[in-house]
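In what follows, a single structure is set out as structure tokens and then discussed.
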Amino acid sequence: MKTIFLLIILATCLPTVALSVTPLYYHTFAIAKIEACVEEILSVGIPTLKTEEWMLKKSREESTYIREVQKISLKVLRVIEFEKRDPGVSSLTQGTTIIVTNLFMDQKPPFKAGDRIEVRVRLVLPEQEYNPGDQRAQWWFFPKGEKEDISPPRRPFL
């Protein structure tokens, strides 16, 4: 009897615990291979939510911290390939400037401002539907051989 009671409790509680931590899934809306000029490389702080603390019922203010990321400004010189996965995505054209986010500050880019580089990038958003006005849309580096994933590339400069 105790075993059945324990199994019922586990069966009802386990899915709740498993579903209580919801990771942020990023969806890819465009992939491009471009030749670009590096305009600038900046380190900026962005507010980030410590989800494990927020889930422990702390306030959003108590669970928020500033995370350092790199914002790399690239001016498109030539579009080599462009795969648009949503009709709302604007095409990349020569002269367009995009900001690529590198979340891994321990990995320094192998280029500097003024360099001409050839890179693959992908446009991501933590939503299933693309909204051109969503400020959370980001370009990430997408190295050749890297699998498309819900997270930023662990080694963006391969």
Side-chain angles (χ1 to χ4, degrees), residues 17-56 58 60-158:
V17 171
L19 296 174
S20 66
V21 178
T22 307
L24 200 53
Y25 291 102
Y26 282 88
H27 302 275
T28 300
F29 293 96
I31 296 174
K33 183 174 182 179
I34 59 172
E35 183 179 341
C37 179
V38 180
E39 292 185 321
E40 65 181 344
I41 302 171
L42 298 174
S43 293
V44 298
I46 58 169
T48 305
L49 190 63
K50 296 180 188 174
T51 54
E52 67 280 352
E53 290 183 19
W54 188 64
M55 292 298 191
L56 293 173
K58 290 191 177 187
R60 182 175 288 264
E61 292 76 25
E62 291 175 309
S63 300
T64 303
Y65 71 102
I66 301 299
R67 178 179 182 180
E68 289 290 314
V69 300
Q70 283 180 329
K71 295 288 188 171
I72 302 169
S73 176
L74 301 176
K75 184 168 192 162
V76 178
L77 301 174
R78 181 171 62 108
V79 178
I80 300 165
E81 295 173 16
F82 186 69
E83 177 190 340
K84 185 189 308 192
R85 297 188 176 173
D86 188 279
V89 174
S90 298
S91 294
L92 280 180
T93 57
Q94 182 179 356
T96 303
T97 298
I98 62 172
I99 306 295
V100 182
T101 303
N102 172 28
L103 298 170
F104 300 103
M105 290 295 289
D106 60 330
Q107 298 185 37
K108 302 299 178 201
F111 46 79
K112 60 187 182 312
D115 285 356
R116 191 177 186 134
I117 61 173
E118 190 173 292
V119 293
R120 290 180 72 227
V121 291
R122 64 185 177 128
L123 179 63
V124 299
L125 188 64
E127 297 293 336
Q128 288 187 347
E129 299 291 323
Y130 182 73
N131 176 358
D134 195 327
Q135 298 297 315
R136 297 172 301 161
Q138 299 177 48
W139 285 98
W140 287 344
F141 289 105
F142 190 42
K144 193 165 184 70
E146 173 105 12
K147 291 182 182 174
E148 189 174 320
D149 195 6
I150 61 169
S151 304
R154 296 277 175 202
R155 296 181 300 180
F157 305 117
L158 278 181

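In this text the structure is predicted, and so the values were computed from the model without any measurement.
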Worksheet item: Does the side chain of Ser91 reach to within under 4.5 Å of the side chain of Lys84, using non-hydrogen atoms?
Response: yes
Discussion item. Closer than 4.0 angstrom, basic N to acidic O: yes or no for Arg136 and Glu127?
Written reply: yes
Worksheet entry | Thr101 and Trp140, any side-chain heavy atoms less than 4.5 Å apart | yes
Worksheet item: For the atom pair CG (Asp86) and CG (Asn131), what is the distance rounded to the nearest 0.5 Å?
Response: 10.0 Å
Discussion item. For a quick test of reading the model, state the closest non-hydrogen atom pair linking Ser151 to Arg122 and the distance between them.
Written reply: O-NH2, 3.1 Å
Item to complete: With the side chain counted from C-beta on, respond yes when Arg120 and Ile31 share a heavy-atom pair under 4.5 Å apart, and no when they do not.
Response: yes
Discussion item. Check this for me, if you would: do Lys33 and Glu81 make a salt bridge, where the nitrogen-to-carboxylate-oxygen distance has to be below 4.0 angstrom?
Written reply: no
Item to complete: Determine the minimum heavy-atom distance between Ile41 and Gln70, stating which atoms define it.
Response: CG2-NE2, 4.1 Å
Worksheet item: Name the one of Thr97, Thr96, Ile98 that satisfies side chain to side chain contact (heavy atoms under 4.5 Å, CB included) with Leu74?
Response: Ile98
Worksheet item: So how far is it from Phe142 CZ to Asp149 CG, rounded to the nearest 0.5 Å?
Response: 9.5 Å
Worksheet item: So do the side chains of Val79 and Thr93 get within less than 4.5 Å of each other, counting heavy atoms only?
Response: no
Discussion item. Can you confirm whether Leu42 sits close enough to Glu40 that some side-chain heavy atom of one is under 4.5 Å from a side-chain heavy atom of the other?
Written reply: yes
Item to complete: To the nearest 0.5 Å, tell me how far Glu129 CD sits from His27 NE2.
Response: 9.5 Å
Discussion item. Do Val89 and Phe82 have side chains that approach each other closer than 4.5 Å (heavy atoms only, starting at C-beta)?
Written reply: yes
Discussion item. Looking at Lys71, I'd like to know if its NZ atom is crowded, meaning that more than 12 non-hydrogen atoms belonging to other residues, nucleotides or ligands lie closer than 6.0 Å.
Written reply: yes
Worksheet item: To the nearest 0.5 Å, what is the distance between CZ (Phe29) and CD (Gln128)?
Response: 8.0 Å
Discussion item. If you count every heavy atom of other residues, nucleotides or ligands that lies below 6.0 Å from Arg116 atom CZ, does the total exceed 12?
Written reply: no
Worksheet item: Val121 versus Phe141: any side-chain heavy-atom pair under 4.5 Å?
Response: yes
Response to the item:
Heavy-atom nearest pair, Pro153 first then Pro143, reads CB-CD, 4.0 Å
Discussion item. Quick check: do Val119 and Ile34 have side-chain heavy atoms less than 4.5 Å from each other?
Written reply: yes
Discussion item. Donor-acceptor check, side chain of Asn102 to backbone of Gln107, threshold 3.5 angstrom: yes or no?
Written reply: yes
Worksheet entry | Qualifying residues under ring pair (Phe, Tyr, Trp, His ring centres under 6.0 Å), relative to Phe104, sequence neighbours excluded | none
Worksheet item: So with a 6.0 Å cut-off around CD of Glu39, is the heavy-atom count from everything else above 12?
Response: yes
